[in-house]
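So the structure is just underneath, and the comments pick up after that.
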Protein chains: 2
Amino acid sequence: MGITIKDVAKRADTSITTVSRLMNKSGYVSKEAKKRIDKAIKDLDYKPNVMAQGLINKSLSMKTVGILIPDMQNLFYPAILTGLEDELERHGYSIFLCITNRGQDMEKKYIDTLLGKNVDAIIFAAACARENSADYLVELSEKVPALLINDYIIGSDICSVMADEVGGAYKAVTYLLGLGHTKIGFINGNADRTTYRQKQEGYEKALAVNEIKPNNKYLMRETPNEQGGYKGAKKFLALSDPPTAIFAASDQMAIGVIRAVLEVGYSIPEDFSLIGFSNIPLAAEVYPQLTTIDQFPYKTGKLVGEMVMKMINKEDLTQRRILIEPKLLIRKTCRELK
Amino acid sequence: MGITIKDVAKRADTSITTVSRLMNKSGYVSKEAKKRIDKAIKDLDYKPNVMAQGLINKSLSMKTVGILIPDMQNLFYPAILTGLEDELERHGYSIFLCITNRGQDMEKKYIDTLLGKNVDAIIFAAACARENSADYLVELSEKVPALLINDYIIGSDICSVMADEVGGAYKAVTYLLGLGHTKIGFINGNADRTTYRQKQEGYEKALAVNEIKPNNKYLMRETPNEQGGYKGAKKFLALSDPPTAIFAASDQMAIGVIRAVLEVGYSIPEDFSLIGFSNIPLAAEVYPQLTTIDQFPYKTGKLVGEMVMKMINKEDLTQRRILIEPKLLIRKTCRELK
DNA sequence: ACTTTCTATGGAAACGTTATCTTATTCTCA
DNA sequence: TGAGAATAAGATAACGTTTCCATAGAAAGT
């Protein structure tokens, strides 16, 4: 069936050792032998068996990294993936895609699968590293290069690339405040994820700096997708004293907010100001074009790729945690409060 | 470092052979031995080495399939990927993700990489199989199971899962026609891709049945994303006699249309009816909720997964081409023309 | 009671590669 | 003109599995 190194050796009238030596450029091979072997390889279209290579030399790279992503419906991840793939492809590395949204145990199962397939590194996208798996992750990171996106584990030095979400949320709310809004509704995600806890922190900090007391009725916790945004906005709209501006914890939530608001006949930004978070590619394309906090998802993916390559090649990391400074991106969903 | 079957055998006080037998449920193993081995496996957290397994089972299976996707910004693909991953994961298979949008040669390069990594099958998402690579694909499909999503190669029997796009487009336009629209603008993608050629065919067929001559000024060719939709709609809007309804070749184009129309102060569906194509998850979440042709992207991915598993396991395929019947999904962007 | 068949087990060969040893020839330079 | 490098190449032992073969006691059929 398959052409083996044995066939090549026989055809080139030499030993498998010599062929192997040539393939790996280890040790001496004469010019004549090289010529014969090269020809045989070409003639037979010989491709070394990766399994056998991986078996003998456990350190031999499959040139593959695995990435765990909670949910492809969250458009932050396709954007990350694009950046990551761009970078890894340059180095000849491939990506194993794992979607973990089907519960806790899935995560461990995927990690086992990846480990069994000898990946060179494992990347965890935000929300994959839950509280209860922190210890496991630390342990894992000793076996194989591991990297977190938009998350970190307290008290460990696991590598990560993350946006300064506290700062980002702070910028968003401060911008709204600067436009004269004081009743700022915040539709956040579940507090057990680092990203949402941090946004909360930034939100509260910005209010505190402006001496505004956070009001519980202006805080909603919803699933971090369009439906969550829609639901949260509906609740705000039902309030006797609704907020004049809404900060959504993700662009997709903001898109849900847009629908909720426009459906009942209000306008954005005339009646409500709205700001999202992340700057997924879609944010610039919906109506009205979404003012948001640019978290540079593509760049994040790219940086993750660079970092993971350094880890694989055991190069020195100048920093084990890269913090991306998010930027306010003003489009068309906010306006000054009269 | 790694726990091997040898360690398990030693700890369970039995032979390698017996452990292997238990793992593969081949041959006899006594209740007592099973108990001891199970415990040892658990205690040691033993994971069989895929390399060694792959080496001996000359199938060389890495339990991996590669998928080539032109562009992660096209939200049809994340949806497909979700369905595909759901199905493959059940069988313990992983996905190599390749994004090919960086030009022609990329495709071949990726295929070589995948082949070198011993994938069990290769899946091509629409638009990866260009005219000029048809021969190459046919040749490839003899070496490794290959499957096309939403595309096919004329005169070959390469497996594929595709929506009946002619029928889908026909339904869309017929629906618009039924609402009384006769001036139907069509924003299509590039004709060198099968999907767009077929939509064109359905569009023309529906017009023909209703004895309407296709009018070139109502046909735009744009890039198949929001910006393309936006541009196309702008051009329609600039016409002295603009269409009353717009059929966008993808939901994302339709989202661009929404922005173009709403930005200049018109309403949907009051001033323009709009229908999209695919029913990406987002379609139900934008304002106004998009009437579209449901192409069942998740189900497509799932079916692709099932089919590819059958191909890998060399099971009989009841059909080499699965045709998905798209369905009109009425939401809120179309209304009757007065 | 004596062959079959079933149950249960372990030894050893094989898979395709690389690494370690060993051997043999040819240079190099005191 | 030797002694030690440098060059060249092969035999063989790993790597961790599965599969084939051999063995043997127990159950079952005659």
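Just so it is clear, the model here is predicted, and its values are computed rather than measured. Computed from heavy atoms alone, side chains included, the values below leave out hydrogens, waters and symmetry copies. Here is how names work: the chains are called A, B, and so on, in the same order as the sequence lines, proteins then strands, and each is numbered from 1.
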(request) Identify, between Ala33(B) and Ala52(B), the residue whose nearest nucleotide on DNA chain C lies closer to the 5' end. (result) Ala33(B)
(request) For Met23(A) and dA19(C), give me the distance from atom CE to atom P, rounded to whole Å. (result) 13 Å
(message) Whether the side chain of Arg21(B) and the base of dA8(C) hold a donor-acceptor pair under 3.5 Å is what I'd like checked.
(response) no
(request) Please confirm whether the backbone N or O of Asp192(A) pairs with a side-chain atom of Asn190(A), one donor and one acceptor, at under 3.5 Å? (result) yes
(request) Figure out the CE/P separation between Met51(A) and dT18(D), and round it to whole Å. (result) 14 Å
(request) Rounded to the nearest angstrom, tell me the gap between atom CG in Asp13(A) and atom C1' in dA8(D). (result) 15 Å
(request) Before giving the answer on side-chain contact (heavy atoms from CB on, under 4.5 Å), spell out for Val19(B) and Met23(B) the whole-Å C-alpha distance, their side-chain angles and the decisive distance to 0.1 Å. (result) CA-CA 6 Å; Val19(B) 178; Met23(B) 297 289 295; 4.2 Å; yes
(message) If you compare every side-chain N and O of Tyr28(B) against the phosphate oxygens of dA26(D) (OP1, OP2), does one of them come in below 4.0 Å?
(response) no
(request) Check whether any side-chain N or O of Gln53(B) sits under 4.0 Å from OP1 or OP2 of dG16(D), and answer yes or no. (result) no
(request) Mind grabbing the angle between the end helix axes of the helix from dA1(C)-dT30(D) to dA30(C)-dT1(D)? Five pairs an end, 10° rounding. (result) 40°
(request) Specify the separation, in whole Å, of atom CD of Glu32(B) and atom P of dA26(D). (result) 14 Å
(request) Consider the side chain of Ser20(B), meaning its heavy atoms from C-beta on, and name the nucleotide among dT17(D), dT18(D), dT17(C) that approaches it most closely. (result) dT18(D)
(request) Give a yes or no on whether the backbone of Ala163(B) and the side-chain of Asn150(B) come within a donor-acceptor separation of less than 3.5 Å. (result) yes
(request) Kindly compute the distance separating CD1 (Ile41(A)) from CZ (Arg11(A)), expressed to the nearest 0.5 Å. (result) 12.0 Å
(request) Evaluate the side-chain proximity of Asp71(A) to Asn225(A): yes if any heavy-atom separation is below 4.5 Å, no if none is. (result) no
(request) Salt-bridge test for Lys39(A) and Asp43(A): reply yes if a basic N is under 4.0 Å from a carboxylate O, no otherwise. (result) yes
(request) Measure from the side-chain heavy atoms of Ser30(A) and tell me the nearest of dT17(D), dA8(D), dG10(C). (result) dA8(D)
(message) I need the CD1-P distance between Ile5(A) and dT12(D), as an integer number of Å.
(response) 17 Å
(message) By nearest atom, which of the nucleotides dG16(C), dA9(D), dT17(D) is closest to the Asn49(B) side chain?
(response) dT17(D)
(request) Please state how far atom CD1 in Ile37(A) lies from atom C1' in dA9(D), giving the value in whole angstrom units. (result) 10 Å
(request) Please determine which of Leu148(A), Val65(A), Ile111(A) meets the side chain to side chain contact (heavy atoms under 4.5 Å, CB included) test together with Ile122(A). (result) Ile111(A)
(request) Could you work out which one of dG10(D), dT17(C), dT9(C) sits closest to the side chain of Ile56(A)? (result) dT17(C)
(request) Could you check how far CG of Leu44(B) sits from C1' of dG16(D), rounded to whole Å? (result) 15 Å
(request) Could you tell me whether Ser26(A) contacts a base, only the sugar-phosphate backbone, or nothing, with contacts defined as non-hydrogen atoms closer than 4.0 Å? (result) nothing
With a 3.5 Å cut-off and sequence neighbours excluded, list the donor-acceptor pairs that the side chains of residues 297-304 of chain A form with protein atoms.
| residue | atom | partner | partner atom | Å |
| --- | --- | --- | --- | --- |
| Tyr298(A) | OH | Asp86(A) | OD2 | 2.3 |
| Thr300(A) | OG1 | Gln295(A) | O | 3.4 |
| Thr300(A) | OG1 | Phe296(A) | O | 2.8 |
| Lys302(A) | NZ | Glu87(A) | OE1 | 3.4 |

(message) Using the side-chain heavy atoms of Asn24(B), tell me which of these nucleotides is nearest: dT17(D), dT18(D), dG10(D).
(response) dT18(D)
(request) Calculate the interatomic distance between Ile16(B) atom CD1 and dG10(C) atom C1'; express it in whole Å. (result) 10 Å
(request) Identify whether the distance between the nearest side-chain nitrogen and carboxylate oxygen of Lys42(B) and Asp38(B) falls below 4.0 Å. (result) no
(message) If you assign Val19(A) and Ser15(B) each to the DNA chain C nucleotide with the nearest heavy atom, which residue ends up on the more 5' nucleotide?
(response) Ser15(B)
Would you list the protein and nucleotides 22-27 of chain C atom pairs, both N or O, that sit under 3.5 Å from each other?
none

(request) Examine distances only and state if a side-chain atom of Arg320(A) and a backbone atom of Asp157(A) form a donor-acceptor pair shorter than 3.5 Å. (result) yes
(request) Just compare dG10(C), dT9(C), dT17(D) and give me whichever is closest to any side-chain atom of Thr17(B). (result) dG10(C)
